[in-house]
Amino acid sequence: MYSLSQKVLIQQLRELEKDGLVCRYVYQQMLPKVEYSLTEYGITTYKIVDVMCSWGRENIKMRQQQGEEIILLEGK
């Protein structure tokens with residue numbers, strides 16, 4: 001299992017915001033709350049992610065056919 005520190009997550013989100021891929025909304029309330037969402041430009045990355053997922057599925061299938069045991073961590 002991988003863990004990610006809050007500091008690293010915030011750094012990555014700020015970079016994505018700077019690059020115009022996500023927008024950040026800060027709620028002005030007593031307990032601070034911040035939401036991130038994809039911008040229209042960020043949504044264009046779906047095409048890239050779809051290609052990578054397709055490649056990953058094909059790669060897993062090929063490796064399984066060669067006898068490699070692959071355990072997927074979906075839903076965890």
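What you see is a predicted model; the values in this text were computed from it and never measured. These values consider heavy atoms only, across backbone and side chains, with no hydrogens, waters or symmetry-generated copies.
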Just distance, no hydrogens or angles: give the donor-acceptor pairs under 3.5 Å from side chains in residues 22-30, sequence neighbours left out.
unit_1	atom_1	unit_2	atom_2	d
Arg24	NE	Tyr36	OH	3.2
Tyr27	OH	Glu35	OE1	3.0
Tyr27	OH	Glu35	OE2	3.1
Gln29	NE2	Leu31	O	3.0

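- Hydrophobic cluster membership differs between Leu38 and Ile48, with clusters built from Ile, Leu, Val, Met, Phe, Trp and Tyr side chains linked at under 4.5 angstrom.
- Atom CG of residue Leu16 and atom OG1 of residue Thr45 lie 9.0 Å apart, to the nearest 0.5 angstrom.
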Go through the steps to decide whether Gln6 and Ile10 satisfy the test side chain to side chain contact (heavy atoms under 4.5 Å, CB included), and finish with yes or no. CA-CA 6 Å; Gln6 187 173 3; Ile10 290 170; 3.8 Å; yes
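- Each of Ile70 and Met62 belongs to its own hydrophobic cluster when Ile, Leu, Val, Met, Phe, Trp and Tyr are linked at side-chain heavy-atom distances under 4.5 angstrom.
- Linking Ile, Leu, Val, Met, Phe, Trp and Tyr residues whenever their side-chain heavy atoms come within less than 4.5 Å leaves Leu72 and Val49 in two separate clusters.
- Residues forming a side chain to side chain contact (heavy atoms under 4.5 Å, CB included) with Lys7 (at least two apart in sequence, or on another chain): Ser5, Gln11.
- Leu13 and Ile43 fall within the same hydrophobic cluster, defined by Ile, Leu, Val, Met, Phe, Trp and Tyr side-chain heavy atoms under 4.5 Å apart, directly or through other members.
- Shown here is Glu68, whose CD atom has more than 12 heavy atoms of other residues, nucleotides or ligands within 6.0 Å.
- Tyr46 and Tyr41 fall within the same hydrophobic cluster, where Ile, Leu, Val, Met, Phe, Trp and Tyr residues are linked whenever their side-chain heavy atoms come under 4.5 Å apart, directly or through other members.
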Could you pull out all donor-acceptor pairs under 3.5 Å where a side-chain atom in residues 53-61 meets a protein atom, sequence neighbours excluded?
unit_1	atom_1	unit_2	atom_2	d
Asn59	OD1	Arg63	NH1	3.3

